[in-house]
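Working notes for the structure below.
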Amino acid sequence: VQLQASGGGLVQAGGSLRLSCAASGSIFGILAMAWYRQAPGKQRELVATIDWNGSTRYTDSVKGRFTISRDNAKNALYLQMNSLEPEDTAVYYCNANPPSAGWGQGTLVTVSS
């Protein structure tokens, strides 16, 4: 599976962004997919996971603010991010959970205070 994340940008605190991930590969529909992020000087962390059947899980810091979704027919993964905080500033990546593809370049999200 090859993955390409997009949709990042600069936004003020309290704002919203929607990230998209385009995946190639016929096995996308059977994989648990996830969004990860890596802030400057920190390790990459798991943000949200969506199973093949639509079940979702989130890290505590984004619960109630972020929503992960997928469209298996389009091999696409999404992350709707609302009420963004400066602490959400990071490069965001999509991958399977557990990761099974290259990380790619990710998409940078910068939240200004």
Side-chain angles (χ1 to χ4, degrees):
V1 177
Q2 293 185 333
L3 304 159
Q4 180 62 53
S6 62
L10 173 63
V11 63
Q12 289 188 331
S16 299
L17 283 174
R18 187 185 192 223
L19 305 184
S20 299
C21 174
S24 62
S26 60
I27 63 173
F28 175 85
I30 65 173
L31 295 174
M33 296 298 298
W35 286 96
Y36 303 78
R37 67 186 179 186
Q38 186 166 19
K42 296 186 177 181
Q43 291 187 333
R44 185 178 289 127
E45 67 168 339
L46 175 64
V47 175
T49 300
I50 184 167
D51 294 335
W52 65 272
N53 62 1
S55 297
T56 58
R57 300 181 294 282
Y58 300 90
T59 192
D60 286 346
S61 62
V62 308
K63 284 181 181 177
R65 301 188 298 121
F66 289 12
T67 302
I68 188 172
S69 61
R70 67 192 295 166
D71 186 335
N72 290 339
K74 296 181 178 179
N75 279 7
L77 181 71
Y78 306 100
L79 186 68
Q80 178 66 44
M81 304 187 296
N82 298 328
S83 301
L84 283 161
E85 303 170 352
E87 294 73 21
D88 297 317
T89 294
V91 178
Y92 284 72
Y93 302 88
C94 55
N95 209 320
N97 185 10
S100 62
W103 287 101
Q105 293 184 335
T107 186
L108 176 62
V109 172
T110 303
V111 184
S112 63
S113 57

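Worth knowing before you read on, the calculation uses all heavy atoms, side chains too, and leaves out hydrogens, waters and symmetry mates. As the structure is a computational prediction, the values presented were derived from the model and not from experiment.
Closest approach of Trp35 and Tyr78 over heavy atoms only: NE1-O, 3.1 Å. For Ala96 against Leu3, the heavy-atom pair with the smallest separation is N-CD1, 4.5 Å. Nearest heavy-atom pair, Leu77 versus Cys94, reported as atom, atom and distance to 0.1 Å: CD2-CB, 3.9 Å.
Distance alone, capped at 3.5 Å, places no donor-acceptor pair between the Tyr93 side chain and the Gln38 backbone. A distance-only check finds no donor-acceptor pair linking the side chain of Arg70 to the backbone of Asn53 [under 3.5 Å]. Judged purely by atom type and a 3.5 angstrom limit, Asn75 has no side-chain atom pairing as donor or acceptor with the backbone of Ala22.
Between the OG atom in Ser16 and the CZ atom in Arg18 there is a gap of 12.0 Å [rounded to 0.5 Å]. If you take CG on Asn95 and CE on Met33, they are separated by 6.0 Å, rounding to the nearest 0.5 Å. Remark: Met81 CE to Thr67 OG1 distance equals 11.0 Å, nearest 0.5 Å. Separating the OG1 atom in Thr59 from the CZ atom in Phe66 is a distance of 10.0 Å, to the nearest 0.5 Å. Atom OH of Tyr58 and atom CD1 of Ile50 lie 7.0 Å apart (nearest 0.5 Å). Atom CD of Gln4 and atom OG of Ser20 lie 11.0 Å apart (nearest 0.5 Å).
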Just distance, no hydrogens or angles: give the donor-acceptor pairs under 3.5 Å from side chains in residues 102-113, sequence neighbours left out.
{"unit_1": "Thr107", "atom_1": "OG1", "unit_2": "Gly8", "atom_2": "N", "d": "2.9"}

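For Arg65, the salt bridge (charged side-chain N to carboxylate O under 4.0 Å, His left out) test picks out Glu85, Asp88, with sequence neighbours left out.
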Yes or no on side-chain contact (heavy atoms from CB on, under 4.5 Å) for Ile68 and Thr49, after CA distance, side-chain angles and deciding distance? CA-CA 7 Å; Ile68 188 172; Thr49 300; 5.5 Å; no
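Under the 4.5 Å side-chain heavy-atom criterion for grouping Ile, Leu, Val, Met, Phe, Trp and Tyr, Leu19 is connected to Val11 within one hydrophobic cluster.
Checked options Leu79, Val91, Val62; the residue passing with Arg37 is Val62 (criterion: side-chain contact (heavy atoms from CB on, under 4.5 Å)).
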